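Structure first, then comments.
Sequence positions, counted from 1, serve as the residue numbers for this chain. The structure presented is a predicted model; accordingly, all values stated were derived computationally and were not measured.
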Amino acid sequence: MAKIGKDDFVNGFVPHHNHGSVDYTGLSLNHVHQCLDVTSPPIQTQDGGHIHYTEGYVLFEDGHTHHYKAYSGPAIPVGNGMHVHYYDFHTTEDAGHSHHVKGVDHPAPGTK
């Protein structure tokens, strides 16, 4: 698949953008962690859409932290020329448990 550069135009696709998110993990062993995230730039998919990769750590809580590596779902248009992505993943197991993280990231320009 050909790469799209900053001077190329695909209707509805913004080549160089990322998304942020602020969320909490699911409850495990009576605690949660805050998850602050910024995704990679878009990764084009064969259907003309895109996804994002992310990895990082949840905030230190209850004496430990967790790592995660995940890909988002495809772009979901939300109006006004913006889109979001759904995410659903589990953190690493640390201190005998892991956490589930799911939600949507903050809107970014583009509809594909």
Side-chain angles (χ1 to χ4, degrees):
M1 173 174 286
K3 285 195 163 198
I4 293 180
K6 67 179 181 64
D7 297 322
D8 297 321
F9 180 76
V10 175
N11 192 23
F13 177 69
V14 176
H16 302 289
H17 74 276
N18 56 11
H19 297 262
S21 65
V22 178
D23 213 335
Y24 286 91
T25 66
L27 183 68
S28 185
L29 295 181
N30 295 317
H31 71 277
V32 298
H33 298 264
Q34 191 174 35
C35 187
L36 308 172
D37 190 64
V38 176
T39 68
S40 71
I43 301 165
Q44 280 196 279
T45 55
Q46 290 184 343
D47 65 359
H50 73 282
I51 59 174
H52 293 270
Y53 175 74
T54 189
E55 65 179 88
Y57 290 89
V58 298
L59 295 185
F60 185 84
E61 180 65 44
D62 201 40
H64 65 279
T65 189
H66 299 270
H67 184 254
Y68 58 90
K69 294 181 179 182
Y71 287 92
S72 73
I76 304 166
V78 292
N80 292 334
M82 304 290 272
H83 72 283
V84 297
H85 296 266
Y86 179 73
Y87 53 87
D88 187 345
F89 60 88
H90 284 84
T91 66
T92 55
E93 185 172 316
D94 295 285
H97 68 286
S98 66
H99 291 268
H100 188 206
V101 181
K102 66 180 179 177
V104 294
D105 51 25
H106 295 163
T111 56
K112 288 187 178 181

Self-check item: side-chain contact (heavy atoms from CB on, under 4.5 Å) partners for His90, two or more places apart
Solution: Ser98, His100

Quiz item: Which atom pair, heavy atoms only, marks the closest approach of Pro109 to His83?
Solution: O-CE1, 3.1 Å

Quiz prompt | From CA spacing to verdict: side chain to side chain contact (heavy atoms under 4.5 Å, CB included), Lys102, Tyr86 | solution = CA-CA 7 Å; Lys102 66 180 179 177; Tyr86 179 73; 3.8 Å; yes

Quiz item: With sequence neighbours excluded, what pairs up with Leu27 under the side-chain contact (heavy atoms from CB on, under 4.5 Å) test?
Solution: Val32

Exercise. Please round to the nearest 0.5 Å and tell me the distance separating atom OH of Tyr24 and atom CG of Leu59.
Key: 8.5 Å

Quiz item: Side-chain donor-acceptor pair under 3.5 Å between Thr45 and Asp47, yes or no?
Solution: yes

Quiz item: Which atoms form the tightest heavy-atom contact between Gly103 and Asp23, and what is the distance?
Solution: CA-OD2, 4.1 Å

Practice problem: Kindly indicate whether the side chain of His50, heavy atoms from C-beta on, has any atom under 4.5 Å from the side chain of Ile43. | Solution: no

Quiz prompt | Exercise: identify the closest heavy-atom pair between His19 and Pro107 | solution = ND1-C, 4.2 Å

Practice problem: Using side chain to side chain donor-acceptor pair (under 3.5 Å) as the criterion, list what pairs up with Thr25, not counting sequence neighbours. | Solution: His99

Quiz item: Does Thr91 reach the main-chain N or O of His66 with its side chain, forming a donor-acceptor pair under 3.5 Å?
Solution: no

Quiz item: How would you list, by chain and number, every residue that makes a side-chain contact (heavy atoms from CB on, under 4.5 Å) with Val22, sequence neighbours excluded?
Solution: Gln34, Leu36, His106

Exercise. Please name all residues satisfying side chain to side chain donor-acceptor pair (under 3.5 Å) with Ser40, sequence neighbours left out, ordered by chain then number.
Key: none

Quiz item: Heavy-atom distance under 4.5 Å between the side chains of Tyr87 and Val101, does that happen here?
Solution: yes

Exercise. Could I get the full list of side chain to side chain donor-acceptor pair (under 3.5 Å) partners for Asp62, not counting sequence neighbours?
Key: His31

Quiz item: With sequence neighbours left out, what residues match Glu93 under side chain to side chain donor-acceptor pair (under 3.5 Å)?
Solution: none

For residues 67-80, run the donor-acceptor check on the side chains, cut-off 3.5 Å, and write out each pair with its distance to 0.1 Å, sequence neighbours left out.
| from | atom 1 | to | atom 2 | distance (Å) |
| --- | --- | --- | --- | --- |
| Tyr68 | OH | Asp37 | OD1 | 2.8 |
| Ser72 | OG | His52 | N | 3.0 |
| Ser72 | OG | His85 | ND1 | 3.4 |

Quiz item: Which atom names give the shortest non-hydrogen contact between Thr65 and Val58, and what distance separates them?
Solution: OG1-O, 2.5 Å

Exercise. Could you tell me the separation between the NE2 atom of His33 and the CZ atom of Phe60, rounded to the nearest 0.5 Å?
Key: 9.0 Å

